[in-house]
Amino acid sequence: MSDHPVIIKDENSGQSLELPIIRGTEGEPTLDINSLPASLGYFTYDPGFTATASCTSSITFIDGAKGILRYRGYPIEQLARQSNFLEVAYLLLHGDLPNCSEMDAFEHDITYHTMVHEKLNTFISGFHYDAHPMAMMAGVIGSLAAFYHDKMNMEDAEHRLLAAKRMVAKMPTIAAGCYRHHMGWPAAYPKNSFEYTERFLHMMFSVPTEGYEVSPVAARAMDLLFILHADHEQNASTSTVRLVGSTGANPYACVAAGISALWGPAHGGANESVLNMLDKIRDVSRVGKFVNRAKDRNDPFRLMGFGHRVYKNYDPRASIIRVAAHEVLAELGSNDPLMDLAMELEKIALEDDYFVAKKLYPNVDFYSGIIYKALGIPRSMFTVMFAIARTVGWVSQWLEQAETPTRIGRPRQVYNGTGERDYIDLKSR
Ligand code: CMC
């Protein structure tokens, strides 16, 4: 690409404006339009932010056309194969992989903060037994602001990092607490002798009456899924965390907002919707009918777990999860007919002109639910799994923003309501 500046000309006023080009280390060149309103008197219109970079960031890089995802420069495939979730968490938070002593210290810090205040369990038990766990998570994580707000100095980098670590540490404890409340089981306390995902599985499934052995296959599968979900640059929930953070709000409140954004079926809620959809399809013979429905503009039905705003190629996370799903099912000796159904659906959709033309491929949520199901995670908890993993992305992005001069996020609008009119007294209307 040449280095000529981009000049826009307003044919109405005859004025021109040279727009600086911002070039990151990788990715598309980006026009800096900051001076546009003051210079030419125009705003820009970009609903859904399809053409807008809201910040600069050095955490995660995606090349959607090539299907590339990197955390801090490391390809997701290498991290998935060679790293573990806690090491990836360190990488996202601090920018580089830790050495041995840094890793030990980080593991110690996270482990040390896994317990929650006992009053928080009272908070969880206040919910009705059938409350959706994502609703509980948003409420309970938001309530952490009430536990830590006064002691937190947002100007202090150490305080900010501590809040970030607390959230990474406590999220599994709270998630398991929400599940156990639904089941009517007593709260389980984090056993610090376990590693991160083992500890979580133990809190999820152990009961006081009998021993519970954490399956290494399950722990490794969960760890892999957590790595793959850990960050994804400026997606809807991360942008929400940043937007709330830009007001100076407490970080626990920011993450609670991120959880709410994640819950929607167009975002993290898709993993739950994929299995609901596969249930509805029921049989391989009915796949074609549902693919046709997804193509019908007059039918609101979409193939859940398909399509992505950024990836116009196979989502690299989906490729990894697809292989892992086969391995996990084989290792656990389970034969899930939903896996066959999902594969048939993928095959038919990937050969279909509609999906080919629109570059719609399976995304991270397409196969993840099949693994969660094999691990015994109930469907309503799928998006909670996503939230546990994404917490490290949210807090890394929040920390990065807090360390960068930031203005409050405040988009504009194109007003298309009524023009000025005079108030008329109620009796005269
Ligand atoms: N099934 C059928 N058609 C689809 C699908 C789908 N899953 N996704 C997109 N399209 C069509 C859409 O109708 C539109 O067609 P047209 O150009 O004729 O209007 C075109 O493809 C572009 O779609 P869009 O909705 O404008 O694209 P977007 O970037 O705004 O939305 C998306 C991206 C992920 C919300 C969307 O693809 C979707 O709803 N997918 C299903 C839900 C899903 O799996 N979400 C998880 C996303 S990945 C993980 C995460 O973010 O949490």
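Sequential numbering from 1 along the given sequence is applied to the chain's residues. Note that this is a predicted model, so its numbers are computed, not measured. Just follow the structure's listing: the first ligand is 1, and inside any ligand the first atom is 1.
Contact analysis puts L360 in contact with ligand 1, with a non-hydrogen atom separation below 4.0 angstrom. Using a 4.0 angstrom heavy-atom cutoff, Y354 counts as in contact with ligand 1. Ligand 1 lies out of reach of S237, whose nearest heavy atom is not under 4.0 Å from it.
Closer than 4.0 Å to atom 52 (O) of ligand 1 lies at least one heavy atom of the protein. When distances from atom 28 (P) of ligand 1 to the protein are checked, a heavy atom turns up under 4.0 Å. In this structure, atom 22 (C) of ligand 1 has no protein heavy-atom contact shorter than 4.0 Å.
Below 4.0 Å from some heavy atom of R309 lie the following atoms of ligand 1, by number and element: 28 (P), 29 (O), 30 (O), 33 (C). Set against the non-hydrogen atoms of M304, the atoms of ligand 1 under 4.0 Å away are 42 (C), 44 (O). Under a 4.0 Å criterion applied to the non-hydrogen atoms of F386, ligand 1 contributes the atoms 52 (O). Distances below 4.0 Å separate heavy atoms of G305 from the following atoms of ligand 1: 43 (C), 44 (O). Interface of G268 with ligand 1, defined as ligand atoms under 4.0 Å from a residue heavy atom, comprises 52 (O). Here is the list of ligand 1 atoms found below 4.0 Å of a heavy atom in V364: 49 (C). Annotation for ligand 1: atoms under 4.0 Å from non-hydrogen atoms of A270 are 43 (C), 44 (O), 45 (N), 46 (C).
Of the heavy atoms in L262, none comes closer than 4.0 Å to ligand 1. Under 4.0 Å from ligand 1, not a single heavy atom of S273 appears.
Between F355 and ligand 1, not a single N/O pair is under 3.5 Å apart. When only interatomic distances are considered, the shortest N/O to N/O separation between R317 and ligand 1 does not fall below 3.5 Å.
Take T197 and apply the side-chain hydrogen bond (donor to acceptor under 3.5 Å, both in side chains) test, not counting sequence neighbours, and it matches D223. Here E87 pairs with nothing under the salt bridge (Lys or Arg N to Asp or Glu O under 4.0 Å) rule; sequence neighbours left out.
Aromatic ring orientation, F106 versus H94: perpendicular (interplanar angle above 60°, classes split at 30° and 60°). A tilted orientation is assigned to the rings of Y372 and F382, their planes being inclined by 30° to 60°. Classification of the F386-H229 ring pair by plane angle, with boundaries at 30° and 60°, yields perpendicular. F147 and H117 have tilted rings, their planes meeting at an angle from 30° to 60° on a 0 to 90° scale. Relative ring orientation between H132 and W263 is described as tilted, the plane-to-plane angle lying within the 30° to 60° band. By the 30° and 60° cut-offs, the orientation of the rings of H232 relative to H308 is perpendicular. Ring geometry for H108 versus Y112: interplanar angle under 30°, hence parallel rather than tilted (30 to 60°).
In terms of protein heavy atoms, atom 41 (C) of ligand 1 is closest to F306 O, 3.4 Å. What sits closest to atom 45 (N) of ligand 1 on the protein, heavy atoms only, is A266 O, 2.9 Å. Of all protein heavy atoms, the one lying nearest to atom 7 (N) of ligand 1 is L303 O, 2.7 Å. Of all protein heavy atoms, the one lying nearest to atom 50 (C) of ligand 1 is H267 ND1, 3.2 Å.
Taking only non-hydrogen atoms, the option from T383, D365, D299 nearest to atom 46 (C) of ligand 1 is D365. With distances taken over non-hydrogen atoms, the option nearest atom 37 (O) of ligand 1 out of A318, G307, A349, A294 is G307. Considering each of K295, R297, R302, K358, the one bringing a non-hydrogen atom nearest atom 31 (O) of ligand 1 is R302.
Ion pairing between a basic and an acidic side chain is recognised when a charged N comes within 4.0 Å of a carboxylate O; K295 and D352 show such pairing.
With F366 as the aromatic partner, R322 does not meet the cation-pi criteria of under 6.0 angstrom to the ring centre and within 45 degrees of the ring axis. Remark: K359 fails to qualify as a cation-pi partner of Y361 under the 6.0 Å distance and 45° angle criteria applied to the six-membered ring. Cation-pi check for R293 over F301 is met; the charged atom lies under 6.0 angstrom from the ring centroid and within 45 degrees of its normal.
Residues D63 and E26 have side chains not in contact (no heavy-atom distance under 4.5 Å, counting atoms from C-beta outward).
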